[in-house]
Amino acid sequence: MSSVQLTAGICSRLADTSELNDDLLDSKPTVQILSVKKVGSASGPNTNDRYRAIVSDGEHFFQAMLATQLNKLVDSGEITKHSIVSIDKFTCNKVQEKRLLIILDMHVIIQEHDKIGNPVNAGEQATPAVQKTPALGAPTTASSSTIPQTTTNPPKRQGSTPAARGKGTPFPIEGLSPYQNHWMIKARVTNKSDIKVWSNQRGEGKLFSVVLMDDTGEIKATGFNAAVDTLYDKFEEGKVYWISKAKVQLAKKQFSTLSNEYELQLDRSTEVEECHDTTGLPTIRYNFVSLGSLEEHPKDSIIDVIGVVTDIASPSEFTNRLGRQSVKREITLVDRSGFSVRCTLWGKHAENFNHPGNPIVALKGVKVSDFGGRSLSTTGAVAIDVDPDIAESHALRGWFDAGGNNEQFKAQSNSFGGGGGSSTFSREEIRSLNDVKDSGLGTSDKPEFFSARATVMHVKNDNIAYPACPTQGCNKKVFDQHDGWRCEKCDRSYERPEYRYIISLAVADYSGQLWLQGFNDLGLALFNKPANDVVEAKDRDEAEFNKIMESAIGVTYNFTCRAKQDTYNDQTRVRYGVQKIIPLNYKEEANYLMGLLSTPWAQ
DNA sequence: CCCCCCCC
């Protein structure tokens, strides 16, 4: 059928209990997948699945776990039963003198193939199985009827401190489970929380947590009270440590977004020692998602993104509904998909994000929000890396500096918030204005969105701006009280207001005309100056004001609009709001038309 | 044992 050659004897070699050597680890064996199966877990729907596989060299088979970043190969159907694969990177987890293969990277050589040979279990061949039943009902990562579920053989003791024993092979994080008591991991801290103090009816205390990562996986470690005193200062974000003697327990999923069924509890006896030899430890392992594909990721899912920062807002303080003070800061990211997205940073990440220019930022573990279409929000366990030294980062830098910075980005997050899913401009879905009216768009309960290309015909000039609260983000109308302008929301007065646009404009395309409503962003796009300037001109010089108004007329834009029915004075009508106004980029438009000419129906 | 990640 084909000339593929499985790596002879590899399963026996893996099952052998002698030390792993570099030759073996670098060998990139070719094997056949005999089966691949999701390992169930006890916790709810937010569970992070993991796959167990049986691999074969044609003569023997062997148990393997796939690192979670390989899940997509299985989910997409790329890897299936009997696929022939190359294992590009792996490690082994020694369990009671038997090994469990942990596949860190692999690729498909032949997706569909007949079963090769009649392999027998390499593990059984190598040593007699020592079966030990796990506690009833206890979920385990690597548990199955065929993998012996055992306690780990303790690493050979060469000394009493982790550093002295550090020369041995570290235990892989992926293999940690409550059944393993004697292990020592070598891990990088990718996130360290602030110290949190709590007080509730059951008592009070303090805690902190770190996220630990090696090249097999990541795990959260939490320390309470006394452990905060002994360990908090010891951990530093980005550094690598030998860690042992922490308790492995079931992860409390409500406090964690990591893909690990377990977490560590740090206590008095936990040993932590910084490790300066960081060989083999990746900085952070990412699974980047394109900003253009955010719509495909449901609200509240956790993803990794990388992008160029095009805007960094000032940090702002706010009080949440529980009365707790917090700091947030919004940054805007763009990537080569041509999309932009807004990301909210919280707490110390918000305070510390001071990077001038257009840095590249890699975010591991951000939460997808549906605010304003799609936006992002950091979680407690996020890892933020500015200008990381990784391939994706350099590629983005090159693209951005070579002209990407001049692109017009499609916004995943519109400026007005509350939008539905389709608030991004789509050239393919431009509707004619008459069609929008005739089709009754927006006459249902919920708002409907559409894209349009239209020319400004008229801007109502009688009430173009209102005096607003100058506090960033307030925007509330303020009232002249002679000794100042009062904001009810902020409960204070200001010397002068900040005018903000409130716009009503008529636009037309080939089919007809439509009245659109919009606010400050729309006015800024139309007049290229803040509302204060326009109000000032109107008071000072009517002719200049008229000139400003006229300057907006006759210009064509791409729009994203929101059609929504409302009732005012007993009259129900559909109002059309401008979600986004995009100046035409003629090069882009021409390229699009050129593309159309090469489609089959244009031929 | 013990934490609740927020806003527009």
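We use all heavy atoms of the structure for the numbers below, so side chains are in, but hydrogens, waters and symmetry mates are not. So that the names make sense, note that chain A is the first sequence line, chain B the second, and so on, each numbered from 1.
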> Using centres under 5.5 Å plus planes under 30 degrees as the test, is A:W346 stacked with B:dC5?
Replying inline: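 Given the distance and angle limits, no, they do not stack.
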
> If you measure from the ring centre of A:F318 to the centre of the six-membered ring in the base of B:dC7, is it under 5.5 Å, with the planes under 30° apart?
Replying inline: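 Stack criterion not met.
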
> Does NZ or CZ of A:K245 lie under 6.0 Å from the centre of the six-membered ring of A:W183, at an angle within 45° of the ring axis?
Replying inline: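 So A:K245 doesn't make the cation-pi contact.
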
If you compare every side-chain N and O of [X] against the phosphate oxygens of [N] (OP1, OP2), does one of them come in below 4.0 Å?
X: A:Q254; N: B:dC5; result: no
X: A:Q249; N: B:dC1; result: yes
X: A:K253; N: B:dC3; result: no

Excluding sequence neighbours, so at least two apart, what forms side-chain hydrogen bond (donor to acceptor under 3.5 Å, both in side chains) with [X]?
X: A:K234; value: none
X: A:T190; value: none
X: A:D335; value: A:S337

Donor-acceptor pairs under 3.5 Å, side chain of residues 343-357 of chain A to any protein atom, not counting sequence neighbours: which ones?
| unit_1 | atom_1 | unit_2 | atom_2 | d |
| --- | --- | --- | --- | --- |
| A:W346 | NE1 | A:S377 | OG | 2.8 |
| A:K348 | NZ | A:K192 | O | 2.3 |
| A:N352 | ND2 | A:K348 | O | 3.1 |
| A:N354 | ND2 | A:E351 | O | 3.4 |

Quick one: [X] [atom1] to [N] [atom2], roughly how many Å, whole number?
X: A:Q201; N: B:dC1; atom1: CD; atom2: P; result: 17 Å
X: A:L266; N: B:dC3; atom1: CG; atom2: P; result: 17 Å
X: A:E204; N: B:dC4; atom1: CD; atom2: P; result: 13 Å
X: A:E351; N: B:dC6; atom1: CD; atom2: P; result: 18 Å
X: A:N475; N: B:dC8; atom1: CG; atom2: C1'; result: 10 Å
X: A:K489; N: B:dC7; atom1: NZ; atom2: P; result: 14 Å

> For the residue pair A:F208 and A:F235, does the interplanar ring angle fall in the parallel (under 30°), tilted (30 to 60°) or perpendicular (over 60°) class?
Replying inline: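 Aromatic pair A:F208/A:F235 classed tilted.
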
> Out of B:dC3, B:dC8, B:dC5, which nucleotide sits closest to the side chain of A:L207?
Replying inline: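 For the A:L207 side chain, the nearest candidate turns out to be B:dC3.
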
>> Nearest to the A:K328 side chain among B:dC7, B:dC1, B:dC6, which nucleotide is it?
In response: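 Closest of the options to the side chain of A:K328: B:dC7.
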
> For A:K206, which contact category applies under a 4.0 Å heavy-atom criterion: base, sugar-phosphate, or nothing?
Replying inline: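 Result for A:K206 = nothing.
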
>> For a quick check of understanding: with a heavy-atom distance under 4.0 Å over all strands, which category does A:G380 fall into, base, sugar-phosphate or nothing?
In response: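 Since a base atom lies under 4.0 Å of A:G380, the category is base.
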
> Listed by chain and number, what are the ring pair (Phe, Tyr, Trp, His ring centres under 6.0 Å) partners of A:F255, not counting sequence neighbours?
Replying inline: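 Checked A:F255 against ring pair (Phe, Tyr, Trp, His ring centres under 6.0 Å); zero matches.
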
>> At a heavy-atom distance below 4.0 Å, what parts of residues 191-200 of chain A sit against DNA chain B?
In response: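 A:K196, A:W198, A:N200, in order of number.
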
